[in-house]
*Asks:* 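I'd like to ask you about the structure that follows.
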Amino acid sequence: MKTSWRSASLVASAAAVLVLTTACGQDKADTSTGSQNVGAAPAANGYGSAGAAASPSTGANTGAGAQTQSAGQLAVADTDKLGEVVTDSAGMTLYRFDKDTAEPPKSNCDGDCATAWPPVPASGATAPIGVDKTLLGEVTRTDGSKQLTYEGWPLYRFAKDTKAGDTKGQGVGGTWYATAPDGKKASGGGEAAAGGSAEAADLPGLSTRNDPELGEVVVDKNGMTVYRFEKDTPWPMKTACLGECLEKWPVVAPVDAADTKGIANKVEGRRGYVVLNRPDGLKQQSIDCWPLYTFAGDKKPGDTNGQGVGGTWYAISPEGKPLGKPK
């Protein structure tokens, strides 16, 4: 297991208000401006169409107790669609979340997210037969509990998987993937899959690509197009996409400024490359104080299916401008 550790610097949001950086209209400085590369998120911290309180109603592994029980001896299962994936002792698929980090291990799935994606307890778990036991580790969650990690990545079950062999969580929101035996994402499709190989090109947290119609477009670390919402406001920075809106328009989680390429985050006179602490508890990256989103309707890198939706959603330029917006 990797042992390189860094301290996280993100802080909790105020209960009912948005906490903004000075650069985006806040009266007090926000210590979240440094941000951390904690991964592009679907609804309620990244579980997309799974729903905030999804839970299975049938099957062998039902109920909160079953979802939070020890993983026991992990195993490697060979699936038709995904190839080899890591499972718990009951054959339930174990997942990793793109918005978590492996260096250092950190879980960014709490609250409703953890209801849909129950964390796997660290206690009582052993490595699959034939797999290096040093791949297993643990991370302390915000509630103080210990969560199992695999090659540094926190592990989860999916509440909609109701029987051994289910892989319904694969690709949900473009951020959840079954865990391969080497700790990487299992390849293949699945519900709300991002399309193509689960391992996108080795991209920074935010970068750009040249779109033949729109020009230079910002993309996330999976190569997915990044959008801005015209009903949001940059000064003071405020989001108008809440609740069900996030099921279609997942927020882009904080990305360290050093983990970007081609983004105008150091341009003099710009309002800043800062993190929005949303009223729903999520943390959202911005460019020029415009909150960033991806679109659940984009299935593969290069898709721009969210462009112009409702006359309010537009791909964003590296300077924060709406691309292709009618004048």
*Asks:* Can you tell me how far SG of C289 sits from NZ of K238, rounded to the nearest 0.5 angstrom?
*Replies:*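 Here the interatomic distance stands at 15.5 Å.
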*Asks:* Is there a side-chain contact between T225 and R209 in this structure, where contact means two heavy atoms from C-beta onward sitting under 4.5 Å apart?
*Replies:*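 A side-chain contact exists here, since the closest heavy-atom pair is under 4.5 Å.
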*Asks:* Give the minimum heavy-atom separation between Y156 and N108, together with the two atoms involved.
*Replies:*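 Taking every non-hydrogen atom into account, OH-N, 4.3 Å.
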*Asks:* Any donor and acceptor pair, going by atom type alone, linking the side chain of N222 with main-chain N or O of M224 inside 3.5 Å?
*Replies:*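 Answer holds: no.
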*Asks:* Under 3.5 Å, side chain of D303 to main-chain N/O of N305, donor-acceptor pair present?
*Replies:*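 No, because the side chain of D303 does not come within donor-acceptor range (under 3.5 Å) of the backbone of N305.
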*Asks:* If you take all heavy atoms of A178 and T93, which pair is closest and at what distance?
*Replies:*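 So the minimum-distance heavy-atom pair works out to CB-CG2, 3.7 Å.
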*Asks:* Can you check side chain to side chain contact (heavy atoms under 4.5 Å, CB included) on D280 and T239, steps first, answer last?
*Replies:* CA-CA 10 Å; D280 51 21; T239 176; over 6 Å; no
*Asks:* Looking only at the side chains, is there a donor atom on one of K185 and T179 sitting less than 3.5 Å from an acceptor on the other?
*Replies:*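 Judged by distance alone, the side chains do not pair up.
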*Asks:* Compare every heavy atom of Y314 with every heavy atom of P322, then report the nearest pair and how far apart it is.
*Replies:*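 Nearest heavy atoms, P322 then Y314: CB-CB, 3.9 Å.
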*Asks:* Is there a side-chain contact between R157 and Q69 (heavy atoms, below 4.5 Å)?
*Replies:*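 R157 vs Q69: side chains touch.
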*Asks:* Is there a salt bridge (charged side-chain N to carboxylate O under 4.0 Å, His left out) between E230 and K325? Walk through the geometry before answering.
*Replies:* CA-CA 10 Å; E230 296 306 290; K325 181 180 178 181; 2.7 Å; yes
*Asks:* Under the side chain to side chain contact (heavy atoms under 4.5 Å, CB included) rule, what do L136 and Y150 come out as? Steps first, then yes or no, please.
*Replies:* CA-CA 5 Å; L136 296 191; Y150 193 97; 3.4 Å; yes
*Asks:* Check whether E84 reaches the backbone of A180 with its side chain - one donor and one acceptor, N or O, closer than 3.5 Å.
*Replies:*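 No; zero donor-acceptor contacts below 3.5 Å.
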*Asks:* Measure from the side-chain N and O atoms of K221 to the backbone N and O of D98, and report whether any donor-acceptor pair falls under 3.5 Å.
*Replies:*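 Looks like yes, one N/O pair under 3.5 Å.
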*Asks:* So, does Q170 use its side chain to make a donor-acceptor pair with the main chain of A186 at under 3.5 Å?
*Replies:*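 Judged by distance alone, yes, a pair lies under 3.5 Å.
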*Asks:* Within the distance-only criterion (no hydrogens, no angle test), does the side chain of T208 pair as donor or acceptor with the backbone N or O of V217 below 3.5 angstrom?
*Replies:*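 Looks like no, no N/O pair under 3.5 Å.
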*Asks:* Do L94 and W153 come close enough that some side-chain heavy atom pair is under 4.5 Å?
*Replies:*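 No, side chains not in contact.
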*Asks:* Could you tell me if the side chain of L323 sits less than 4.5 Å from the side chain of D211, heavy atoms only?
*Replies:*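 A side-chain contact under 4.5 Å is absent here.
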*Asks:* If I compare all heavy atoms of D288 with all of P234, which pair ends up nearest, and what's the gap?
*Replies:*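 Reported closest heavy-atom pair: O-CB, 4.1 Å.
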*Asks:* I'd like to know if the side chain of D161 and the backbone of K168 have a donor-acceptor N/O pair within less than 3.5 Å.
*Replies:*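 At least one qualifying donor-acceptor pair exists.
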*Asks:* Spell out, as yes or no, whether a donor-acceptor pair under 3.5 Å connects the side chain of D166 to the backbone of T162.
*Replies:*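 Present.
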*Asks:* Contact between L292 and L206 at the side-chain level, heavy atoms closer than 4.5 Å - yes or no?
*Replies:*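 They are in side-chain contact.
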*Asks:* Indicate yes or no for a side-chain donor-acceptor contact from Q307 to the backbone of A315 under 3.5 Å, with no hydrogens or angles considered.
*Replies:*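 Such a contact is found between Q307 side chain and A315 backbone.
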*Asks:* Measure up the Y293 and F229 rings against each other and bin them: parallel (under 30°), tilted (30 to 60°), perpendicular (over 60°).
*Replies:*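 Perpendicular.
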*Asks:* Using every non-hydrogen atom in the two residues, find where A114 and R141 come nearest and quote the distance to one decimal.
*Replies:*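 Closest pair (atom of A114, atom of R141, distance): CB-NH2, 3.9 Å.
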*Asks:* Should V275 and Q284 count as side-chain neighbours, where that means a heavy-atom distance under 4.5 Å?
*Replies:*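 V275 vs Q284: side chains apart.
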*Asks:* Taking all heavy atoms of Q285 and all of V274, pick out the closest pair and write down the distance.
*Replies:*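 Looks like NE2-O, 3.1 Å.
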*Asks:* Parallel, tilted or perpendicular: which fits the ring planes of W249 and W313, with parallel below 30° and perpendicular above 60°?
*Replies:*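 Aromatic pair W249/W313 classed parallel.
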*Asks:* Going by distance alone, is a donor N or O of one side chain under 3.5 Å from an acceptor N or O of the other, for R228 and S286?
*Replies:*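 Distance-only check fails for R228 and S286.
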*Asks:* Below 4.5 Å, heavy atoms only, C-beta onward: do T294 and V252 meet side chain to side chain?
*Replies:*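 Yes, side chains in contact.
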*Asks:* Given V120 and D88, is the side chain to side chain contact (heavy atoms under 4.5 Å, CB included) satisfied, shown in steps?
*Replies:* CA-CA 9 Å; V120 178; D88 65 12; over 6 Å; no
*Asks:* Is it the case that the ring center of F158 lies less than 6.0 angstrom away from the ring center of W176?
*Replies:*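 Here the rings of F158 and W176 have centres that are no less than 6.0 Å from each other.
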*Asks:* Does any part of the side chain of M92, heavy atoms only, come nearer than 4.5 Å to the side chain of T87, both counted from C-beta?
*Replies:*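 Side-chain contact under 4.5 Å: no.
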